[in-house]
Amino acid sequence: QVQLVESGGDLVQPGGSLRLSCAASGSIFRINDMGWYRQAQEKERELVASITRGGNPMYADSVKGRFTISRDGAKNTAYLQMNSLKPEDTAVYYCNAQVRISIYDDRASDYWGQGTQVTVSS
C-alpha cells in the first residue's frame, strides 16, 4: 500500500507565502508524475500544478508566476511553494502521485493524500 501525507497548510494573509509538502511512503517501486490539486467550497477539484519524474513542471494559468512545484526523488516528496497568495487560492490542497508498486508491472496507479487546508484571509 502507498500513503501520501501532505503538510504545510495554514491561515495566511493575502500576499503571503506557504510551502506545502507531500511525502509518499509504502510499497513504491517508482513514482511517475506528482501533482497538486485543490478544491474550494462548492467547486470541483482542479489541477494546480504537476511535475514529471524528469522534473518538468506544468501550471494552471491561475497560479503561473506565483506557485512553484518541485520534487525530491530520493525522498519521494513533492513540494508546492506558493507566493503572492490571494483569497481565491483558499481551498483544500491534495497531493496526487502516479505510482508503480512493482518492477514486474509497468502500470501506475493514482494515489491521493488526505488534503491540507490553505486559507488566505486578512
Side-chain angles (χ1 to χ4, degrees):
Q1 195 58 281
V2 176
Q3 298 83 36
L4 301 182
V5 178
E6 301 107 331
S7 61
D10 205 344
L11 170 63
V12 63
Q13 292 187 344
S17 297
L18 283 175
R19 188 191 194 211
L20 305 183
S21 298
C22 169
S25 63
S27 302
I28 297 171
F29 166 67
R30 178 176 295 167
I31 300 177
N32 294 338
D33 291 2
M34 298 187 78
W36 288 95
Y37 290 71
R38 66 186 181 188
Q39 187 167 18
Q41 279 193 337
E42 300 182 348
K43 291 190 176 181
E44 294 187 355
R45 190 174 296 190
E46 62 175 357
L47 176 63
V48 175
S50 65
I51 186 167
T52 66
R53 179 174 173 78
N56 294 316
M58 186 281 291
Y59 299 97
D61 288 343
S62 59
V63 306
K64 281 181 181 177
R66 300 189 297 122
F67 290 10
T68 302
I69 188 171
S70 60
R71 66 189 288 176
D72 183 332
K75 297 181 179 180
N76 288 333
T77 299
Y79 306 95
L80 186 68
Q81 178 66 44
M82 305 186 294
N83 298 329
S84 302
L85 282 161
K86 305 175 181 180
E88 51 262 45
D89 295 317
T90 296
V92 178
Y93 284 70
Y94 296 92
C95 177
N96 170 269
Q98 298 172 0
V99 181
R100 284 180 58 185
I101 62 172
S102 171
I103 190 173
Y104 303 109
D105 188 348
D106 61 2
R107 292 174 298 178
S109 298
D110 273 334
Y111 291 88
W112 293 88
Q114 81 288 350
T116 186
Q117 177 70 47
V118 172
T119 302
V120 185
S121 175
S122 55

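One-based numbering along the sequence shown.
- At least one side-chain heavy atom of Y79 sits less than 4.5 Å from a side-chain heavy atom of T77.
- Screening residues 54-91 for disulfide (SG to SG under 2.5 Å), with sequence neighbours left out, gives no hits.
- Of the inter-residue distances, the one linking N83 atom CG with R66 atom CZ reads 9.0 Å to the nearest 0.5 angstrom.
- Residue pairs meeting the salt bridge (Lys or Arg N to Asp or Glu O under 4.0 Å) criterion with at least one partner in residues 69-79, sequence neighbours excluded, do not occur; the list is empty.
- Proximity of Y104 to F29: side-chain heavy atoms (C-beta onward) are nowhere separated by under 4.5 Å.
- The backbone N or O of Q114 lies less than 3.5 Å from a partner atom in the side chain of E6, making a donor-acceptor pair.
- The disulfide (SG to SG under 2.5 Å) analysis of residues 11-107, with sequence neighbours excluded, yields the pairs C22-C95.
- Separating the OG atom in S27 from the CZ atom in R100 is a distance of 14.0 Å, to the nearest 0.5 Å.
- Annotation: salt bridge (Lys or Arg N to Asp or Glu O under 4.0 Å) contacts involving residues 27-40, sequence neighbours excluded, comprise R38-E46, R38-D89.
- Heavy atoms from other residues, nucleotides or ligands lying under 6.0 Å from CD of Q41 number 12 at most.
- Between P14 and S121 the shortest heavy-atom distance is CD-C, 3.6 Å.
- Scanning both residues, S84 and S17, for their nearest heavy atoms gives N-OG, 4.4 Å.
- Other members of the hydrophobic cluster containing W36, listed by chain and number, are V2, L4, V12, L18, L20, I28, I31, M34, V48, I51, Y59, V63, F67, I69, L80, M82, L85, Y93, V99, I101, Y111, V118, V120; membership follows side-chain contacts under 4.5 Å among ILVMFWY residues, whether direct or relayed.
- Alongside L11, the hydrophobic cluster contains no other residue (criterion: ILVMFWY side chains under 4.5 Å).
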